[in-house]
Amino acid sequence: MNVRDAFFYALCALLLGLAVLTVAAGNLFRAALALLGVLLCTAVLFLLLQAEMAALAQVMVYIGGIMIFVLYAVLLTSELGGRMPAPSPVKMLLGVAVAAVALGFLAGLAQKTGAGAAAARARMHAESATKESAASSADAEAGVNIASLKTLGQKLLDPKGFLIPFELISVLLLAAMVGAIAVARQGGAGVRGGSEPGAAAISVKDQGGAGAAESRGAPP
Amino acid sequence: MTLAEFTPLLPDLLLLALALAVLKIDLWSEDGEAGFHLTWIGLAGLALLLAFGSRSDAVFADYHITAASRVWKLLFTLATLATVFLSRPYFRAGGNARGTLAKSGAFFGLLLLCMQGMFALVSAGNLIVFYLGLELATMPIYALAAYQPRDADSAEAGSKYVLMGGFSSALTLFGISFLYGATGSLGFPALEAAVRAAPADPALWGGIFFLLGGLGFKLAMAPLHMWAPDVYQGAPTPVMAFLSVASKAAAVAALATLFLSPLNAVRPDLAPCFAAAAVLSMVAGNLGAMRQKDLRRFVAYSSVAQVGYMLLAMLGEGDGSRAALVYNLVTYGVTGFALYFIMGVIGKEGPETMSGLRGLSRRHPGLAVLLVLCMFSLAGVPPLAGFLGKFMLFSAAAAEGHYLLVGIAVANAVVSFYYYMLVVKEAYIAPPGEAAAIRLRPLQIMVLWGLGLALLVLGVCPAPADWLARAAGN
């Protein structure tokens with residue numbers, strides 16, 4: 001076992017430990033921090049695979065974006081010191097069952113991928129040679145790293161590559177911004193002072209619904 | 001590339017330009033009138049362009065302009081146009097008892113951006129464009145659902161839809177990553193070839209499972225429909241209309257785009273899955289709708305039942321199914337919008353509930369007749385549009401031998417007749433309170449006549465159905 005392998009196994013152990021902590025921690029904030037560690041370890045795993053771009057995306061998207069979002073949500077909604085109530089045995093059993101199914105599925109997939117990797121590689125290579133992406137296979141033959149930032153940037157802005165999705169993303173971001181601003185600016189303080197707390201209203205609505213529905217006609 | 005090569009792409013580019021122009025013009029227009037007029041004129045022009053413009057097909061990288069995609073786009077454009085007209089009184093002071101909506105420019109801009117997503121969705125030639133289109137077609141609605149100012153229900157609808165939508169997007173994306181892992185390709189042609197070559201791949205089925213879950217949420221297909229009643233009830237009525245027609249059409253188009261072309265090979269194996277979802281949706285929708293007093297909630301449950309009927313078409317063969325789906329969505333859209341315009345009219349003075357319909361036959365007999373036509377059409381009574389829509393769906397499934405399922409669907413349609421008649425009962429038989437006669441604006445009269453005529457014509461005259469079937473089946 002060389003240093004690289006040792007590092008890999010140590011990393012995996014750390015990752016698994018943090019993953020268990022994520023699920024088992026009684027405190028929501030600690031669980032979120034443990035999840036952050038899991039994501040960071042995954043990024044290092046990507047680095048070990050020499051997929052710098054994937055590692056970068058992992059850090060930017062999951063840690064920079066999603067984790068900060070989760071932490072904000074935790075900070076805004078729950079008391080930091082408080083312990084969460086332990087889940088009911090039924091829920092635990094259900095969780096274990098789902099995890100077992102997912103594990104079995106992934107294990108089967110991993111086994112199949114290991115066996116079929118060579119075949120798949122041959123198939124993909126044959127496909128890319130016949131298909132439109134003759135250029136990329138030429139790149140691959142020339143030893144250009146497909147996952148390098150330069151190739152990725154060129155692919156993103158190539159009309160035959162991902163130009164249309166790239167432009168669509170800018171429209172998507174515009175829509176998200178316009179929507180967020182439009183809603184944030186017209187709600188004002190009134191939303192919070194609404195007549196009925198939303199969560200309580202849901203449970204009544206389906207029971208005939210008359211009360212909840214009609215009461216809205218008159219302002220509080 | 002020469003300029004002429006871009007002609008087939010013109011509707012999509014014009015739509016983007018229109019959306020940006022509407023957002024921009026709102027900065028200068030004080031009362032939002034300019035935005036409204038620009039939007040409806042632009043959409044009408046776009047509809048004409050899609051119906052009578054360039055017929056040539058084109059492929060831009062992974063963006064495919066085909067005859068079928070043009071039909072879908074025309075459907076989205078008309079649904080958005082109707083939404084824009086419907087929303088008109090909601091932005092006027094005193095136009096609706098629930099309160100006045102503000103910021104019409106952003107509202108129309110968001111509607112148009114949403115439409116852009118639907119356009120991308122039906123033109124998608126690979127999974128990335130597909131996913132982005134799906135996302136762009138839902139993200140503006142998160143904001144639109146929360147558009148009613150100072151209204152806790154609307155805020156609840158917005159946040160609930162964000163959570164549900166985010167969750168379903170994540171499922172979809174997860175499914176797409178599995179598909180990519182299984183087939184090694186994002187493009188639809190390569191995907192189709194890979195699915196044909198190895199239809200039993202577990203990764204492929206993992207992908208399909210998650211994709212169906214994600215799209216099922218968007219479609220409000222039972223058992224993933226529980227968000228729909230709350231979101232429909234909380235959202236402003238024009239947004240609910242858009243959700244129930246345009247957004248539903250987009251979700252159906254997404255299902256058709258994936259499962260009628262690249263994943264067509266596995267569709268026979270998925271038949272039990274579609275059949276179960278169809279039966280569940282019909283039953284859950286019909287049972288739920290019976291107990292509703294709020295019209296928006298009623299529409300939500302009734303639309304869940306309609307999704308159940310539409311899923312039947314996923315069991316038929318490709319071209320016939322697509323034609324049946326498009327035709328059913330057209331008839332559902334026409335019927336739905338007629339109902340929503342009536343809701344808008346009664347919403348001017350009172351809440352948009354069942355009891356708000358009381359005495360409609362005396363306050364405005366014409367409106368009451370239209371309401372009856374709507375309900376008969378939704379229930380699928382023969383001379384009306386809804387009948388032909390349902391008939392095409394049922395025959396698509398029956399052609400492949402799913403007779404038991406069609407029997408269940410027909411039984412459900414009979415059950416649904418009960419609660420549709422409850423609405424008619426409110427308008428005609430329930431004791432009216434004291435209420436003044438209703439006066440309609442010229443725009444409302446025009447739209448209501450148009451929709452009423454369409455209800456009759458689409459049910460009697462098969463020519464539009466033929467045209468749609470030929471265009472969409474391509």
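Reminder, nothing fancy here: chain letters follow the sequence lines and each chain counts from 1. This is a predicted model, so every value here is computed, not measured. Values below: all heavy atoms of this structure, side chains included; hydrogens, waters and symmetry mates excluded.
Proximity to chain A is limited to the side chain of B/Phe178, based on heavy atoms less than 4.5 angstrom apart. Only the side chain of A/Ile164 comes within less than 4.5 Å of a heavy atom of chain B; its backbone N, CA, C and O stay farther away. Using a 4.5 Å cut-off between heavy atoms, B/Leu113 touches chain A through its side chain atoms alone. Contact of B/Ile141 with chain A is not made at all, since no heavy-atom distance falls under 4.5 Å. Neither the backbone nor the side chain of B/Leu101 comes within contact range of chain A, judged by heavy atoms closer than 4.5 Å. For B/Pro202, the parts sitting under 4.5 Å from any heavy atom of chain A are the backbone and the side chain alike. B/Leu112 does not touch chain A: none of its heavy atoms, backbone or side chain, sits under 4.5 Å away.
The environment of A/Tyr62 atom OH is sparse: at most 12 non-hydrogen atoms of other residues, nucleotides or ligands sit within 6.0 angstrom.
Among A/Gly161, A/Gly108, A/Ala175, the residue making the largest number of heavy-atom pairs under 4.5 Å with chain B is A/Ala175. Counting heavy-atom pairs closer than 4.5 Å to chain A, the top-ranked of the candidates B/Gly133, B/Gly99, B/Gly158, B/Ala203 is B/Ala203. Each of B/Leu136, B/Leu186, B/Asn126, B/Leu16 has some count of heavy-atom pairs under 4.5 Å with chain A, and the biggest count is that of B/Leu136.
The two residues B/Ala143 and A/Val183 make their nearest non-hydrogen contact at O-CG2, 3.2 Å. For A/Pro165 against B/Val129, the heavy-atom pair with the smallest separation is CG-CG2, 3.7 Å. Closest heavy-atom contact between A/Ala176 and B/Met139: CB-SD, 3.4 Å. When all heavy atoms are compared, the tightest approach of B/Ala120 to A/Leu168 is CB-CD1, 3.7 Å.
Ring to ring, A/Phe105 and B/Phe209 are not that close: their centroids are 6.0 angstrom or more apart.
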**Request:** Please step through side-chain contact (heavy atoms from CB on, under 4.5 Å) for the pair A/Leu174 and B/Leu20, ending with a clear verdict.
**Result:** CA-CA 10 Å; A/Leu174 174 73; B/Leu20 296 180; 3.5 Å; yes

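Interatomic distance, B/Leu132 CG to A/Leu172 CG, rounded to the nearest 0.5 Å: 6.5 Å.
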